[in-house]
There are 2 protein chains.
Amino acid sequence: MKQLEIFKALSNKTRLEILLWLKDPATSFPEQVHAGFEVGVCVGEIQKKAGLTQSTVSEYLSILQRAGLVSSTRVGQWTYYKRNEETFIELSKIIESDI
Amino acid sequence: MKQLEIFKALSNKTRLEILLWLKDPATSFPEQVHAGFEVGVCVGEIQKKAGLTQSTVSEYLSILQRAGLVSSTRVGQWTYYKRNEETFIELSKIIESDI
DNA sequence: AATATATATCGACTTTTTCCGATATCCCTA
DNA sequence: TAGGGATATCGGAAAAAGTCGATATATATT
């Protein structure tokens, strides 16, 4: 687990918001037609909610993914992102004891 | 607790190292003449160990302090910094449940 | 009061991050 | 296989962070 990379990923307001939205997609996003929320939320919906450009949001999701905070699944032309809860648990433990 | 400010403070290799050193000053720093480690470690010792200039280390300690991760005590001409463990505990809980 | 030592602050320069528009890639359907 | 929609990648401008040297401030000693 690369702590520094994780903290950098968390050092941005929009990225923190995205992580919060992904915590409970059903209340944060409109119903998804092509997939349930179990697989995640597609980039387009996240982008609309964030109010930034598509390229920026795509980049932000990559940053979160490289840090291990989210994972993605491609289904057809959509990429769905969801939280990687194990990483949050690990991080919480690291802060308790290793930092 | 300002999460974003905390994560920014933690997004730097040297600052993470400083926090680790402060976790066990007795093994990380030479004996202090003018005060025990209970009050913290003085800026000069932290600076030597970090290998950066005095101004940079002083700035870094301010950043950590503004984030609530350390606190300082002035004794004579020295300023001693020590960890603020409550903040780490709080942060760990926030990551468990609020992020 | 003058000097010395420890720390903080300031101004400048460099590097990194933020965020965009344009373009490329991937996948679907006609 | 051509066109369209979703996402990723690239290149760049602007803002923020990293880092330094110089200077200011605070305290201690003589």
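Values below: all heavy atoms of this structure, side chains included; hydrogens, waters and symmetry mates excluded. Every chain is numbered from 1 and lettered A, B, ... according to where its sequence line falls, protein lines coming before strand lines. Here the structure is a predicted model, which means the values were calculated and not measured.
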Mark up nucleotides 6-13 of chain C, 5' to 3', with B wherever a protein heavy atom is under 4.0 angstrom from a base atom, S wherever such an atom reaches only the sugar-phosphate, and - elsewhere.
SBBB----
Please name the pair of heavy atoms, one in B/Leu4 and one in A/Ser11, separated by the smallest distance, quoted to 0.1 Å.
CD1-C, 3.6 Å
Rounding to a whole Å, what distance do you find between A/Glu5:CD and C/dT17:C1'?
14 Å
Considering only NZ, NE, NH1 and NH2 on the basic side and carboxylate oxygens on the acidic side, decide whether B/Lys49 and B/Glu45 come within less than 4.0 Å.
no
Just by distance, with hydrogens left out, do B/Thr53 and B/Thr56 show a side-chain donor and acceptor under 3.5 Å apart?
yes
Do other residues, nucleotides or ligands put more than 12 heavy atoms under 6.0 Å from the CD atom of B/Glu31?
no
So, for A/Glu5 and A/Ala67, which heavy atoms are closest and what is the spacing to 0.1 Å?
O-CB, 4.0 Å
Starting at atom CG of A/Leu4, determine the distance to atom C1' of C/dT16, rounded to an integer number of angstrom.
13 Å
Name of the residue among B/Asn84, B/Leu10, B/Leu22 meeting side-chain contact (heavy atoms from CB on, under 4.5 Å) with B/Leu69:
B/Leu10
Taking B/Arg83 for the side chain and B/Leu19 for the main chain, is one N or O donor matched with an acceptor at less than 3.5 Å?
yes
Toward the 5' end of DNA chain C, by each residue's nearest nucleotide, A/Arg15 or A/Val75:
A/Arg15
Round to a whole Å and report the spacing from NZ of A/Lys13 to C1' of D/dA16.
17 Å
Between B/Gln47 (CD) and D/dG18 (C1'), how many Å, whole number?
16 Å
Output the rounded distance in Å from NZ (A/Lys48) to P (D/dT7).
10 Å
Establish, with yes or no, whether the OP1 or OP2 oxygen of D/dA16 is under 4.0 angstrom from a side-chain nitrogen or oxygen of A/Asn12.
no
Expressed as a whole number of angstroms, how long is the span from A/Leu10:CG to C/dT17:P?
14 Å
Rounded interatomic separation in angstrom, taking CG from B/Leu52 and P from C/dT14
18 Å
Rounded distance in Å - NE2 (B/His34) to P (D/dT27)
16 Å
Remember a base hit wins even if backbone is also touched, and classify B/Thr14 as base, sugar-phosphate or nothing at under 4.0 Å, heavy atoms.
nothing
